[in-house]
Protein chains: 2
Amino acid sequence: MVTIKDVAREAKMSVATVSRVLNGSGPVSEETRRLISEVAGRMRYVPHSGARSLITSKTQTLGVLLPDLYGEFFSEVIRGMDDTAQRNGFHLLISRAYADRHGIETAIRAMRGRADGVVVMSPDLDAESLLNLPSTIPVVLLCSVSRGNEIDSLTIQNCRGAREMVGHLISVGHRRIAIIKGSPRNYDAAERLRGYRMSLREAGIMLDPLLEREGDFTEAAGYSAVLELIALKNRPTAIFAANDSMAIGALSALRESGIAVPEEMAVAGFDDIPLARYMDPPLSSVHVPIWELGARAVELLLHGITHKNDHPRRRERVSTKLVIRRSTGGVPAERPPPQTLKRKLVSV
Amino acid sequence: MVTIKDVAREAKMSVATVSRVLNGSGPVSEETRRLISEVAGRMRYVPHSGARSLITSKTQTLGVLLPDLYGEFFSEVIRGMDDTAQRNGFHLLISRAYADRHGIETAIRAMRGRADGVVVMSPDLDAESLLNLPSTIPVVLLCSVSRGNEIDSLTIQNCRGAREMVGHLISVGHRRIAIIKGSPRNYDAAERLRGYRMSLREAGIMLDPLLEREGDFTEAAGYSAVLELIALKNRPTAIFAANDSMAIGALSALRESGIAVPEEMAVAGFDDIPLARYMDPPLSSVHVPIWELGARAVELLLHGITHKNDHPRRRERVSTKLVIRRSTGGVPAERPPPQTLKRKLVSV
DNA sequence: TTGTATGCGTTATCAT
DNA sequence: ATGATAACGCATACAA
């Protein structure tokens with residue numbers, strides 16, 4: 001592997017000068033700067049980032065700790081992170097970690113010398129568990145919050161989004177509205193549930209524990225929750241699923257049970273994944289700007305890194321948007337645009 | 001940040017001994033080994049990986065270069081890679097890169113000193129462009145192949161899978177079978193097209209250029225391709241989409257056009273994403289073991305790293321499996337299992 | 001403007 | 001069994 005020494009020897013200059021040219025630091029004559037860049041380019045020299053980080057104590061790398069994430073959400077949030085990181089000259093070190101406190105701490109510590117900061121996504125973790133993090137390294141919490149204000153965090157407007165969607169169901173005449181919840185230990189799920197209840201209370205509708213079924217954000221969970229709901233003596237007329245995957249499972253179960261959507265049962269989801277509009281009927285959902293979520297998380301992290309983690313902590317929320325399609329009734333079908341290729345090179 | 005010197009001082013030992021204990025290399029008395037491990041643990045010491053890689057010239061990191069990938073495929077392939085990497089003590093440095101040759105080369109070079117090897121996924125790239133890679137670093141090509149045998153590669157049994165699916169359509173009586181292709185520059189897409197044509201020829205069916213529509217693997221592409229196909233004077237009776245996303249778009253367009261699936265039109269996809277079985281009707285597809293694809297790619301890469309890139313090159317294929325559901329007709333509905341939670345902690 | 005020399009944190013080599 | 005020290009590749013303070 002070619003080192004800075006090799007380049008210096010080849011250009012008949014000292015390593016210091018080569019370093020200066022490559023980093024654009026210090027004074028160099030135009031002549032030698034051209035010479036050295038030429039030589040370095042020809043030799044395909046690339047600085048050894050380990051050596052560099054040893055002396056600069058910067059790695060130009062961001063750690064990303066994720067739980068088990070699936071599908072569109074995972075890919076889109078990483079896309080947002082990577083785009084933003086690359087634009088700022090950073091790489092992404094991605095690692096899945098067990099959501100428990102020990103796993104997170106271990107994973108973060110393992111990033112020492114590898115990353116300048118870490119985005120931690122652990123919706124299943126109680127926030128306080130993260131309190132005793134080594135405070136030296138900048139951390140941004142994604143989709144969860146810490147008790148105090150000692151860690152930057154970025155979350156989705158879960159509660160408001162859920163409240164608006166349930167509010168819409170109420171506004172079109174529903175009174176018995178069921179929810180397919182996520183895990184109670186999941187922050188997003190808990191907030192969406194809160195929004196659901198809030199909305200019902202605001203409309204003066206009694207909460208019915210029978211109408212709250214627990215799921216785990218999978219299609220299978222939505223499917224089986226519906227089987228239970230329709231077996232109820234006093235069936236709901238609308239179902240709000242805490243994410244789109246469960247809503248899709250719900251649609252499937254209703255279809256097989258011969259229950260018409262939205263005529264006999266309205267269905268709504270959360271996330272607004274691209275597939276939602278292609279469902280039968282097209283699925284009403286709460287749109288989450290996932291790319292922006294990842295991008296903003298990285299921006300927050302970079303800010304913390306720039307300020308050496310000595311900055312006022314922020315707690316931000318990305319806002320959601322109601323997207324009403326046919327599955328909640330009363331609205332004309334939204335025809336997908338024939339060719340809105342917002343995706344470019346897509347594979348497999 | 002606590003260094004090995006700090007640990008040595010605290011334990012009243014030399015850094016050499018501390019290093020020996022931490023790496024399990026060389027002889028150490030049981031007494032000092034316990035002492036040092038205790039001190040190191042208490043001080044939460046973690047070796048600086050940059051410094052370590054400087055001398056060992058190993059980073060314990062694998063680079064992953066991906067094109068724009070979406071949804072289930074992206075997340076699942078990374079999951080497979082990460083699981084396998086972690087099991088072998090490696091981290092994943094993930095980066096999206098432009099699929100052109102310059103982008104790939106630059107990206108790989110930027111990994112110097114950061115990764116011990118790279119998995120390159122660039123289905124849109126002609127293989128020969130990769131030939132003049134710096135041969136020093138081990139590389140595994142994912143979903144594309146190199147001309148010669150100079151680079152390890154791992155691909156999907158695209159041709160065989162497509163051939164079997166089209167064969168199935170023929171076997172249930174179809175003669176006019178359309179295909180919604182992917183980009184002609186995409187390796188997977190090209191191979192699936194090859195399988196489609198091969199299957200038709202085997203059955204003695206003439207190829208009809210009008211029945212081959214180009215898409216880009218998005219739902220929108222499948223949607224609009226169908227609108228074109230059903231406008232044909234001589235409509236097909238079956239549609240094979242080169243991936244599930246396009247098949248789902250196709251289902252949506254057929255539904256809105258009032259064309260019954262599978263009675264008036266059979267539809268098949270490729271990939272068998274989890275959602276496929278929840279479609280209406282449940283979508284027949286060619287199952288691709290995506291997790292295994294990622295896992296195996298990392299295994300191949302680790303093998304190359306272990307042998308210092310001086311090993312006989314391999315060219316492997318992961319095999320596909322036909323999954324027949326209702327969208328191709330003649331088969332009883334497959335009911336999703338009420339609670340087969342193969343997914344554990346799922347988020348958003 | 002350029003060169004010399006030091007140190008970053010670690011492992012490995014050689015003494016002891 | 002343990003310690004002293006060189007070396008890894010680089011950036012930088014200081015000297016020239």
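Treat the numbers as computed from the prediction; the structure is a model and nothing was measured. Throughout, protein chains are lettered first and strands after them, A, B, ... in sequence-line order, and every chain is numbered starting at 1.
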Interatomic distance, A:N23 CG vs D:dC10 C1' [rounded to whole Å]: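 After rounding, the gap between these two atoms is 9 Å.
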
Atom pair distance, as rounded to whole Å: CD in A:E30 and P in C:dT2: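 It works out to 11 Å between those atoms.
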
Touch class at under 4.0 angstrom, heavy-atom based, for [X] against every strand present:
X	result
A:P27	base
A:T32	sugar-phosphate
A:S19	base

Ignoring hydrogens and geometry, is there a side-chain-to-backbone donor-acceptor pair from A:N88 to A:F90 under 3.5 Å?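 It does not hold such a pair.
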
Residues B:S95 and A:Q86: side-chain donor-acceptor under 3.5 angstrom: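 Yes, a side-chain donor-acceptor pair sits under 3.5 Å.
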
Let's see if you can work this out: which of [options] has an atom nearest to the side-chain heavy atoms of [X]?
X	options	value
B:R20	D:dC10, C:dT4, D:dT2	D:dT2
B:I55	C:dG3, C:dT11, D:dC10	C:dT11
A:S14	D:dC10, C:dG9, C:dG3	C:dG3
A:S29	C:dT4, C:dT1, D:dG3	C:dT1

Let me know, please, whether B:S25 or B:A51 comes out on the 5' side of the other along DNA chain C by nearest nucleotide.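 Looking at the nearest nucleotide for each, B:A51 comes out on the 5' side.
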
Here's a test of your reading of the structure: between B:K12 and B:L54, which maps to the more 5' nucleotide of DNA chain D?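 Its nearest nucleotide lies further toward 5', so the answer is B:K12.
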
Under 4.0 Å between a side-chain nitrogen and a carboxylate oxygen: does that hold for B:R34 and B:E38?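 No, B:R34 and B:E38 are not salt-bridged.
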
According to the interplanar angle, ranging from 0 to 90°, do the rings of B:H303 and B:H311 count as parallel (below 30°), tilted (30 to 60°) or perpendicular (above 60°)?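 The arrangement is perpendicular - the two ring planes meet at more than 60°.
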
